[in-house]
Amino acid sequence: MSRPRVILHADMDAFYASIEQRDDPSLRGRPVIVGGTGGRGVVSAASYEARAFGVHSAMPTAQARKLCPHGAFVAGSMRRYVDESRRIFEIFARFTPAVQGLSLDEAFLDLTGTERLLGPARDTAARLRAAVRAERGLAVSVGIAPVKLVAKIASDVSKPDGLVEVKAEDVREFLAPLPVRRLWGVGPVAEQRLLQQGFATIGDLVRTDPERLRRLLGPWGLSLARLGRGQDLSEVEPYREAVSYSEENTFAGDVSDRRVLESAIGTHADSVARRLRRDGVAARTIVLKLKLARRVAAGPRGFPLWTRRVTLSEPCDDGDAIARAARELLDRAGLTEPVRLLGVGVTGIAARDSQLALFEKPRAAQRRDRLNRALDQIAERFGDDAVVRGQPEHAERAGLSMQIKRGERGGREPS
């Protein structure tokens, strides 16, 4: 008989804002909004005091200022947040080696089979929460369930600073009254489609005859119903390989100047390459992403998005080569209108054999490798901002990301 699974989802409460309040006593009890402070800034985190005014993440900072004019607006420090995240994940790893980070502030932990060593899952979760509070001065909300989806929902309903456990026999009852948008894979468009078919809650899907679901929604509807019954066998994946690396920014104003675009490409390419080298990997495909300034629909996605890619003859971890390829893609774009966002990414990730590469490469490439190693040593000692090519202000971000970036040891500070 298989052992019942025990999945824990840990989610830090208002992570960036809570760090600011912890480190600056004058901010405690005040509405704190962290993120881009420029004209196109975006809220990355809002304290619970700020949320009471309707402020939330991904909201334009200008709108947040209108809702909460007396709030404390903080640009934040990505380097501090990344370092704090590492320390918290070190605490998580004391309870199980099976930790899957979803972002800087949340993770799944597989506690299956740990009961004999650690005791009941609820007691383990309580000790984890106490350790984070005692050692880092921060609150973490936790959900426990036999499947990942339910554990994540449970941690969400436990906020702030709470703990909810959903036993296997209670999963269907827990999920049934929740709106269908709680299911993974149901975004705004899919939600409208479900509502039009009369499915407002997860329970509506689960109670529907499978044949009717198939007629109305096809295999997708049957998959959603299985999720709604808690039939999700996806595992906690602590060792997933990276499939891509990328950096992007939203410009403070629409950009038509080719020199500014090329400068941003150079800054992003160097950052991506440095992360590749730290992870001992290289990339074969270079991707350029542009979001045009012309609005075609309402909302943050209402701008035309243009992406192009090129595959190199050999895997690469050199910022200059990545930038060169991205600039060639820019040349091919034939842009005739301003750009709002620019990103540089890489895919086709493979392990890098540095010794083999050293002997196979021509002298110019070997010199470039030695230069990159010297730059990496400077960055390790003095930070990623110690040596920056071009003008980094051209690549300032509109907000701070919660994304876990492989190979990153702290980011550029926003203006």
Quiz item: Using 30° and 60° as the class limits, which term best fits the ring planes of Phe15 and Tyr81: parallel, tilted or perpendicular?
Solution: tilted
Exercise. Given side chain to side chain donor-acceptor pair (under 3.5 Å), test Tyr16 with Asp105 step by step and report yes or no.
Key: CA-CA 9 Å; Tyr16 294 171; Asp105 67 336; over 6 Å; no
Counting N and O atoms only, with roles assigned by atom type, does the side chain of [X] sit under 3.5 Å from a partner on the main chain of [Y], one being a donor and the other an acceptor?
{"X": "Arg327", "Y": "Glu262", "answer": "yes"}
{"X": "Arg295", "Y": "Ala297", "answer": "yes"}
{"X": "Asp279", "Y": "Val281", "answer": "no"}
{"X": "Ser85", "Y": "Leu104", "answer": "yes"}
{"X": "Arg284", "Y": "Ser313", "answer": "yes"}
{"X": "Ser271", "Y": "Thr267", "answer": "no"}
{"X": "Arg136", "Y": "Ile88", "answer": "no"}
{"X": "Ser246", "Y": "Gly345", "answer": "no"}
{"X": "Thr61", "Y": "Val42", "answer": "yes"}
{"X": "Ser57", "Y": "Ser44", "answer": "no"}

Quiz item: Could you walk me through whether Ile19 and Arg80 pass the side-chain contact (heavy atoms from CB on, under 4.5 Å) check?
Solution: CA-CA 9 Å; Ile19 292 172; Arg80 280 196 297 131; 3.6 Å; yes
Check whether more than 12 heavy atoms from other residues, nucleotides or ligands sit under 6.0 Å from atom [atom1] of [X], and answer yes or no.
{"X": "Arg181", "atom1": "CZ", "value": "no"}
{"X": "Glu173", "atom1": "CD", "value": "no"}
{"X": "Arg229", "atom1": "CZ", "value": "yes"}

Quiz item: Taking atom types as modelled and ignoring hydrogens, do the side chains of Glu106 and His9 form a donor-acceptor contact shorter than 3.5 angstrom?
Solution: yes
Self-check item: Residues Ser155 and Ser141: side-chain donor-acceptor under 3.5 angstrom
Solution: no
Is any side-chain heavy atom of [Y] closer than 4.5 Å to one of [X]?
{"X": "Leu175", "Y": "Val150", "result": "yes"}
{"X": "Glu84", "Y": "Arg22", "result": "yes"}
{"X": "Leu163", "Y": "Ile144", "result": "yes"}
{"X": "Asp13", "Y": "Lys159", "result": "yes"}
{"X": "Phe73", "Y": "Arg65", "result": "yes"}
{"X": "Pro120", "Y": "Asp123", "result": "yes"}
{"X": "Trp306", "Y": "Leu288", "result": "yes"}
{"X": "Arg193", "Y": "Phe199", "result": "no"}

Quick one: [atom1] on [X] to [atom2] on [Y], what's the gap to the nearest 0.5 Å?
{"X": "Arg207", "Y": "Arg172", "atom1": "CZ", "atom2": "CZ", "result": "11.5 Å"}
{"X": "Phe108", "Y": "Leu102", "atom1": "CZ", "atom2": "CG", "result": "5.0 Å"}
{"X": "Ser223", "Y": "Arg226", "atom1": "OG", "atom2": "CZ", "result": "4.0 Å"}
{"X": "Leu276", "Y": "Ile322", "atom1": "CG", "atom2": "CD1", "result": "5.5 Å"}
{"X": "Arg94", "Y": "Leu128", "atom1": "CZ", "atom2": "CG", "result": "9.0 Å"}
{"X": "Leu109", "Y": "Phe92", "atom1": "CG", "atom2": "CZ", "result": "6.5 Å"}

Exercise. Start with the C-alpha gap between Leu261 and Leu342, add the side-chain angles, then the distance that decides, and say whether side-chain contact (heavy atoms from CB on, under 4.5 Å) holds.
Key: CA-CA 8 Å; Leu261 297 176; Leu342 182 144; 4.0 Å; yes
Does the distance from a Lys or Arg side-chain N to an Asp or Glu carboxylate O, for [X] and [Y], drop under 4.0 Å?
{"X": "Glu90", "Y": "Arg86", "value": "no"}
{"X": "Arg275", "Y": "Glu247", "value": "yes"}
{"X": "Asp161", "Y": "Arg129", "value": "yes"}
{"X": "Arg274", "Y": "Asp318", "value": "no"}

Quiz item: In this structure, which one of Ile202, Leu194, Leu213, Val206 forms a side-chain contact (heavy atoms from CB on, under 4.5 Å) with Leu224?
Solution: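 Between Leu224 and the candidates, side-chain contact (heavy atoms from CB on, under 4.5 Å) is satisfied uniquely by Leu194.
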Exercise. Dump the intermediate steps for side-chain contact (heavy atoms from CB on, under 4.5 Å) on Arg324 and Ile286, then the final yes or no.
Key: CA-CA 10 Å; Arg324 225 173 21 248; Ile286 314 303; over 6 Å; no
Quiz prompt | Arg340 to Phe303, cation-pi by 6.0 Å centre distance and 45° axis angle | solution = yes
Quiz item: Are Arg51 and Tyr48 in a cation-pi contact, defined as NZ or CZ under 6.0 Å from the six-membered ring centre and within 45° of the axis?
Solution: yes
Exercise. Would you sort out whether Leu341 and Asn249 count as a side-chain contact (heavy atoms from CB on, under 4.5 Å), showing the intermediate values?
Key: CA-CA 6 Å; Leu341 174 149; Asn249 71 289; over 6 Å; no
Atom of [X], atom of [Y] and distance for their closest heavy-atom approach:
{"X": "Gly198", "Y": "Asp204", "value": "O-OD2, 3.8 Å"}
{"X": "Ser158", "Y": "Val164", "value": "CB-CG2, 3.5 Å"}
{"X": "Ala17", "Y": "Val32", "value": "CB-O, 4.1 Å"}
{"X": "Pro146", "Y": "Val166", "value": "CD-O, 3.4 Å"}
{"X": "Arg30", "Y": "Ala72", "value": "NH2-CB, 3.7 Å"}
{"X": "Ile33", "Y": "Cys68", "value": "CD1-SG, 4.3 Å"}

Quiz prompt | Asp331 and Arg258: CA distance, side-chain angles, deciding distance, salt bridge (charged side-chain N to carboxylate O under 4.0 Å, His left out) verdict | solution = CA-CA 10 Å; Asp331 285 338; Arg258 173 61 181 254; 2.2 Å; yes
Quiz item: Please walk me through it: do Arg182 and Asp156 pass salt bridge (charged side-chain N to carboxylate O under 4.0 Å, His left out)?
Solution: CA-CA 11 Å; Arg182 286 284 198 170; Asp156 187 47; 2.7 Å; yes
Quiz item: For the side-chain hydrogen bond (donor to acceptor under 3.5 Å, both in side chains) test, which of Gln100, Glu235, Glu237 pairs with Lys148?
Solution: Gln100
Quiz item: Under the salt bridge (charged side-chain N to carboxylate O under 4.0 Å, His left out) criterion, do Glu337 and Lys291 qualify, and how do the steps go?
Solution: CA-CA 11 Å; Glu337 53 187 306; Lys291 184 178 288 186; over 6 Å; no
